[in-house]
Amino acid sequence: MASVGELKDAIKDTLDRKGLLKQLQGHMRAQVYKILLDAEEDARPEPCNENLIINELIREYLIFNGYRDTLSVFLPESGQPQTRPFDREFLAQHLNINETQSTEQVPLLYAMAAQHRQLGAHKINQPATSHAVLEQQQQQQQQQQQPEELLPARYLE
């Protein structure tokens, strides 16, 4: 018969092999952190509107990538409400992101990164072009982009 120590090691190894050990550890950290934050909640100021917007972008990114344990720590730590204060349409309008079929399928952070890359490429290739012309060209390119072009390479495999 196995000793208690051997049994613990076997359980730990099994959880580790199935990828559950890190998940359980993350969940436990999130719960401990939540308990600690609940005690300090009265002293935490409400986030300003800009932080609420940035935090919503991060929330969307974490959900899209399946970082649920990270999200469970992020929301209470940042003071972000559990219910979303802004919808995606408002965020896109506020950030001047023209939604297309391809951008609607990924978090707005990916669309922002793609928009930034395109704007940077235009500045290098056409330094004398006005900002208005660059925005128009960028909008045309966004409408032609496929969702795969917005995602990091690891999502394409």
Side-chain angles (χ1 to χ4, degrees), residues 18-157:
K18 292 185 175 189
L20 296 173
L21 186 60
K22 289 186 184 207
Q23 183 180 2
L24 289 170
Q25 289 169 335
H27 183 71
M28 189 181 313
R29 274 192 299 273
Q31 292 303 314
V32 168
Y33 192 78
K34 185 176 178 186
I35 290 168
L36 293 173
L37 277 180
D38 286 344
E40 298 176 1
E41 192 171 285
D42 294 333
R44 183 172 298 279
E46 289 288 318
C48 66
N49 283 342
E50 288 305 311
N51 281 359
L52 286 171
I53 289 169
I54 292 167
N55 291 345
E56 276 308 301
L57 294 171
I58 295 169
R59 179 199 311 243
E60 183 185 40
Y61 167 82
L62 293 174
I63 291 170
F64 180 81
N65 286 289
Y67 301 146
R68 306 242 183 275
D69 292 331
T70 303
L71 183 63
S72 70
V73 172
F74 173 73
L75 291 177
E77 182 178 19
S78 66
Q80 194 76 355
Q82 289 292 327
T83 58
R84 293 179 170 219
F86 309 111
D87 63 11
R88 182 183 171 100
E89 183 179 339
F90 170 83
L91 292 172
Q93 285 177 342
H94 182 77
L95 298 167
N96 295 322
I97 298 172
N98 298 315
E99 287 274 64
T100 64
Q101 286 181 328
S102 59
T103 61
E104 289 173 353
Q105 297 177 29
V106 296
L108 288 171
L109 280 175
Y110 288 118
M112 290 171 65
Q115 198 171 33
H116 182 71
R117 271 194 320 268
Q118 290 171 354
L119 188 57
H122 284 300
K123 284 182 180 179
I124 292 169
N125 295 332
Q126 303 170 356
T129 305
S130 74
H131 184 69
V133 172
L134 288 176
E135 282 184 358
Q136 185 181 20
Q137 290 172 344
Q138 181 181 350
Q139 289 173 3
Q140 290 170 348
Q141 284 185 346
Q142 276 183 341
Q143 291 171 351
Q144 296 169 355
Q145 275 185 322
Q146 298 300 316
E148 311 76 60
E149 295 172 341
L150 299 174
L151 292 172
R154 68 184 176 114
Y155 289 103
L156 303 177
E157 297 171 349

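Nothing fancy with the numbering, it's 1 onward along the sequence.
A distance of 10.0 Å separates CG in D87 from CD in E56, rounded to the nearest 0.5 Å. Once rounded to the nearest 0.5 Å, the distance linking OG1 of T103 with CD1 of I97 reads 7.5 Å. With rounding to the nearest 0.5 Å, the separation of CD1 in I58 from CG in L109 is 7.0 Å. Taken to the nearest 0.5 Å, the CD atom of Q25 stands 10.5 Å off from the CG atom of D69. The CZ atom of F74 sits 14.5 Å away from the OH atom of Y67 when rounded to the nearest 0.5 Å. For the atom pair CZ of R88 and CD of E104, the computed distance is 7.0 Å after rounding to the nearest 0.5 Å.
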*Before giving the answer on side-chain contact (heavy atoms from CB on, under 4.5 Å), spell out for R68 and L62 the whole-Å C-alpha distance, their side-chain angles and the decisive distance to 0.1 Å.*
CA-CA 7 Å; R68 306 242 183 275; L62 293 174; over 6 Å; no

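In this structure, the side chains of R59 and I63 come closer than 4.5 Å at one or more pairs of heavy atoms. S72 is not listed as a side-chain neighbour of Q31, based on a closest heavy-atom distance of 4.5 Å or more.
Classified by interplanar angle (parallel below 30°, tilted 30° to 60°, perpendicular above 60°), the ring pair F64/Y110 is perpendicular.
Scanning both residues, M112 and L57, for their nearest heavy atoms gives SD-CD1, 3.9 Å. The heavy-atom pair separating A92 from L108 by the smallest distance is N-CD1, 4.0 Å. Residues T100 and S102 approach most closely at OG1-OG, 3.0 Å, considering heavy atoms. Looking at every heavy atom in both residues, P47 comes nearest to N51 through CB-CB, 4.1 Å.
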